[in-house]
Every structure is written in structure tokens, then in C-alpha cells.
Asks: 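Following this message is one structure expressed as C-alpha cells.
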Amino acid sequence: MTFAAKLLGLFTGSMLTKLIEIGYDTGLFEASRAGPATSEQLAKRAGLKERYVREWLGAMATGGIYRYDAASRRYELPEEHAALLTGQSAQNLSPHAKIIEHFGSHLAKLKACFREGGGIPYSAYRPVFTQCMDDVWRRIYDQMLIPGFIGAVPGLTEALERGIGVLDVGCGTGHAVNILARRFPESRFAGYDIGEDAIEAARKEAREMSLANARFEMLDVAELPAQPQFDLVTAFDAIHDQKDPDAVLHGVRRALAAGGTFLMIDFKFSSRVEENMGNPFAPLYYGTSLMHCMPVSLALGGKGLGTVWGEQTARQMLREAGFGRIEVLDTPRPQNYMFVCRA
Ligand SMILES: C[S@@+](CC[C@H](N)C(=O)[O-])C[C@H]1O[C@@H](n2cnc3c(N)ncnc32)[C@H](O)[C@@H]1O
């Protein structure tokens, strides 16, 4: 019975995740911030059909996301819930529901991989995946990149202020590069990614921000040229889904100027399942791995490291790539850590 109750909770959570995506995409959460509303009022505010909004609210209220006052027939998104479901800050967790739903749209292909092997190519996930990543990570970068990630490495902010060369590998839509380039005008920034949609978005944003010190290239980072060299190379969540992560790490090492630093931001796990037991993020990221990070690598005949490759494997691969000094630091996000690597 206990396990049955757990399963009911899991199925309910899965269903509510889909409904959270609907609330995010249709603007229902944002419309709810104006205060308690009947289904008619909320539908009007959001410009939606009342019958659909009412059914959605039924799930939201019984699921503990909204409050319902039967006397006034009004639904309320409590302020402390709105803080986690609305707004532009990294605290808004709604975009995560969208990623989970996007992963779910590939289940048929994934089940075929269980039977036949192989993987699901990155191209099958684009452009939605690129947009989802942007949606999640741009909020994190806006809020935490400079004070939290860069600021955690002693001397790095000062070096960027003086002016250094920086490369971001697997830069996605380039928001990290662009906000660093804006904040540190004396430094020169490059972002490389294999995704055309990502690079186009990165260049567009750099133009809109009138940045003269940020450039983006479509490039396979497994074939990173040894020139030009960089004083700082960063990788945000961009190593473990590579076809050939060893080649990328070796290439990063070669592309680093003397005394340079490689900053690798990844997901904070052990390489041993038994040490991840009780980690509340573990099932989510083993699942993320299975539904995206591992199959995109395996589709290319790659290593298939997966999201939960863990600290021990990461350290070993970094050492093999020639990084003799590796320090692991916490980040402002509890599920991430960063490896500060030097030759
Ligand atoms: C999980 S996403 C992270 C994106 C970005 N760093 C961010 O924070 O939003 C991984 C990125 O690595 C890119 N990528 C994967 N394999 C690559 C390769 N061989 N060369 C260059 N980029 C690659 C993908 O296109 C994707 O944009």
C-alpha cells in the first residue's frame, strides 16, 4: 500500500508537470499574479477559453498548487508558489517542466534504442531543446554567472577586468558569453557550438547588445584548433553529452595559454550509484541523461557518458587530458559544481 501511494504520487506529479508547462506557456501563471480570480476572470485575463481554464484549475487546486475558496469560486496562486512559477528570475522553475515534456516527446525513439541500441541525434531535439536550454540557463546566467560562478574563483573577476581571452565550448545560445562580454569590455570572448540555431541566436543577441568583443562560431569542439589560445575556457553543462568528451578535454587543454584556467560546470554527483542514493536530484538527472544527454552521444557512436558521470570519472578524464591541478567548488545551484582546472 505504501508503494501504491508512492506510485499515485509519481503519476500525479507527472500529470501536474504537464499542466505546469501549460500554465507557463499559456500565461496562466503570470495572469494569476494579479490576485484571486474565478475561472471566468482568469480565462479573460489570460485570453483563454474558460472551460479549459476551469478544468486546469481543478487539477491545480486539488494538486496543491492553487488555493480555492468555494464561497467566492476564486482560485489563488499563493505568493510563495508564484515566486517559483512566475517571473524572469532563476527562481522560476516552470521552464524545467517544459524540458521534461520535450524529453517525453521522444519516448518512442528511446524505447527503440533500448531494443536496437544506437541513440537519438541532437538534430531530433532541435530547435526546441536549444530554446529550452536558453529559457532555463539565461535566468541562471543573469542572476548568478558573474557573482556566483565567476566570483567563486579567486582572482578571475580581476583578470577579466584587466582583459583576457575567453572561450566557451558548447555555448548554446551564447547568453553566458554575451553578458560576460558586456560586463568585461577589456576581455575578448568566443563561443563555439555545433548547433546552427544556437549560434544564430548567440550572434543575434551579441548584435542587439552592440558587443564588439564577442564572436561565435559553428564548430565541433572535438576538433578544437590549438590556435588561437585562451586564458580561460568555460564549459557549462557541455562536456558529458559530447560524442568524444576525451577529445574535447584534450583540445581544451591544448587551447589554453600558459597559466590558463578551464572552468567546467557540471552536475554534482558521484560516479557510483550507491553514493547517489538519497540525493534528491539523482532520479531527475539519471532521467535527463537517459532522455537526452546519453542518446545524443550514442547516436554518433560516442562514449555516452551521461549527465551523472560523476566526480570520480570527471577527475580521471581531466587528469588524462593533462590537468594536474583540479579543484572542485560548489556553485550557487545545489545540483551543480564546477571543476577549476589548471595544467
Ligand atoms: C546541454 S547544452 C548546454 C548549452 C549551453 N552551455 C547552455 O548553458 O545553455 C550542450 C551544448 O553543447 C553543444 N554541443 C554538443 N556537441 C558539440 C560538439 N561536438 N561541438 C560543439 N558543440 C557541441 C550542443 O549543441 C548544446 O548547445
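Whatever order the structure lists them in is the order used to number ligands and atoms, beginning at 1. If you read the sequence from its start, that first residue is 1, and numbering goes on from there.
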Asks: If the cut-off is 4.0 Å to any non-hydrogen atom of L219, which atoms of ligand 1 fall inside it?
Replies: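 Result: 20 (N), 21 (C).
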Asks: Using a 4.0 Å heavy-atom cut-off, say whether Y125 meets ligand 1 through its side chain, its backbone, both or neither.
Replies: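 No part of Y125 comes within reach of ligand 1.
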Asks: Hey, which atoms in ligand 1 end up nearer than 4.0 Å to a heavy atom of D241?
Replies: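 This gives 1 (C), 10 (C) as the contact atoms.
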Asks: Based purely on interatomic distance, does Y141 place a nitrogen or oxygen under 3.5 Å from a nitrogen or oxygen of ligand 1?
Replies: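 Looking only at distances, the answer is yes, because the N/O contact criterion of under 3.5 Å is met.
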Asks: Could you tell me whether D168 approaches ligand 1 through its side chain, its backbone, both or neither, with non-hydrogen atoms closer than 4.0 Å?
Replies: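 D168 to ligand 1: no contact under 4.0 Å from either part.
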Asks: If you look at every heavy atom in L329 and A152, which pair is closest and at what distance?
Replies: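 Looking at all heavy atoms of both residues, the shortest contact is CD1-O, 3.5 Å.
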Asks: Closer than 4.0 Å to some heavy atom of W137 - which atoms of ligand 1 meet that?
Replies: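 It comes down to these atoms of ligand 1: 8 (O), 9 (O).
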Asks: If I apply the N/O under 3.5 Å rule, does D134 come out as touching ligand 1?
Replies: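 In fact, backbone or side chain, D134 has no N or O that close.
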Asks: Has R315 got its NZ or CZ under 6.0 Å from the middle of the six-membered ring of W309, at an angle within 45 degrees of the ring axis?
Replies: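 Output no; distance or angle outside limits.
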Asks: Would you mind checking which non-hydrogen protein atom is closest to atom 22 (N) of ligand 1, with the distance to 0.1 Å?
Replies: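 Result: I194 N, 3.1 Å.
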Asks: Relative to each other, are the rings of Y337 and F339 parallel, tilted or perpendicular (30° and 60° limits)?
Replies: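 Y337 and F339: perpendicular rings.
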Asks: Out of curiosity, does L145 fall in the hydrophobic cluster containing M264 (side-chain heavy atoms, cut-off under 4.5 Å, transitive links)?
Replies: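 No, M264 does not connect to L145 through the hydrophobic network.
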Asks: For R126, state whether at least one heavy atom is located under 4.0 Å from any atom of ligand 1.
Replies: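 A heavy atom of R126 does come that close to ligand 1.
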Asks: For residues S289 and G306, report the shortest heavy-atom separation together with the two atoms involved.
Replies: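 It is OG-CA, 3.1 Å.
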Asks: Look at the rings of H175 and Y141 and say which category their plane angle falls in: under 30° parallel, 30 to 60° tilted, over 60° perpendicular.
Replies: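 Tilted.
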Asks: Please work out whether the ring planes of F269 and Y286 are parallel, tilted or perpendicular, with thresholds of 30° and 60°.
Replies: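 Ring orientation of F269 relative to Y286: tilted.
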Asks: Tell me the protein heavy atom at minimum distance from atom 19 (N) of ligand 1, and give that distance in Å.
Replies: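 Going by distance alone, atom 19 (N) of ligand 1 is nearest to D220 OD1, 2.8 Å.
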Asks: Between P245, G170, A238, flag the one that comes closest to atom 6 (N) of ligand 1 by a heavy atom.
Replies: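 Minimum heavy-atom distance to atom 6 (N) of ligand 1 goes to G170.
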Asks: To the closest 0.5 Å, what do you measure between CZ (R54) and OG (S39)?
Replies: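 The OG atom of S39 is 5.5 Å from CZ of R54, to the nearest 0.5 Å.
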Asks: Which ligand 1 atoms are under 4.0 Å away from a heavy-atom of D237?
Replies: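 The atoms of ligand 1 under 4.0 Å from a heavy atom of D237 are 1 (C), 2 (S), 3 (C), 10 (C).
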Asks: Which residue and atom name correspond to the protein heavy atom nearest atom 15 (C) of ligand 1, and how close is it?
Replies: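 The closest heavy atom on the protein side is Q242 NE2, 3.5 Å.
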Asks: Do me a favour and list the nearest non-hydrogen protein atom to atom 13 (C) of ligand 1 with residue, atom name and distance?
Replies: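 Here the nearest protein heavy atom works out to D193 OD2, 3.3 Å.
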Asks: For residues N213 and A181, report the shortest heavy-atom separation together with the two atoms involved.
Replies: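 Nearest pair, atom of N213 first, then A181: ND2-O, 3.0 Å.
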Asks: Starting from atom 10 (C) of ligand 1, which protein heavy atom do you reach first, and at what distance in Å?
Replies: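 Answer for atom 10 (C) of ligand 1: Y122 OH, 3.4 Å.
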Asks: For M133, counting its heavy atoms only, list the atoms of ligand 1 lying under 4.0 Å from any of them.
Replies: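 Those of ligand 1 that fall under 4.0 Å from M133 are 1 (C), 2 (S), 3 (C).
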Asks: For ligand 1 and V221, I'd like to know whether there is a polar contact (N/O to N/O, distance under 3.5 Å).
Replies: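 Between V221 and ligand 1, an N or O pair is found under 3.5 Å apart.
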Asks: Considering only heavy atoms, does C171 approach ligand 1 within less than 4.0 Å through its side chain, its backbone, both, or neither?
Replies: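 For C171, only backbone atoms sit under 4.0 Å from ligand 1.
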Asks: Salt bridge check: are E40 and R73 linked by an N-O gap of less than 4.0 Å?
Replies: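 Looking at R73 together with E40, the answer is yes, because their closest N to O distance falls below 4.0 Å.
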Asks: Do S270 and N276 get their side chains close enough for a donor-acceptor pair, meaning under 3.5 Å?
Replies: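 No, N276 and S270 have no side-chain donor paired with an acceptor closer than 3.5 Å.
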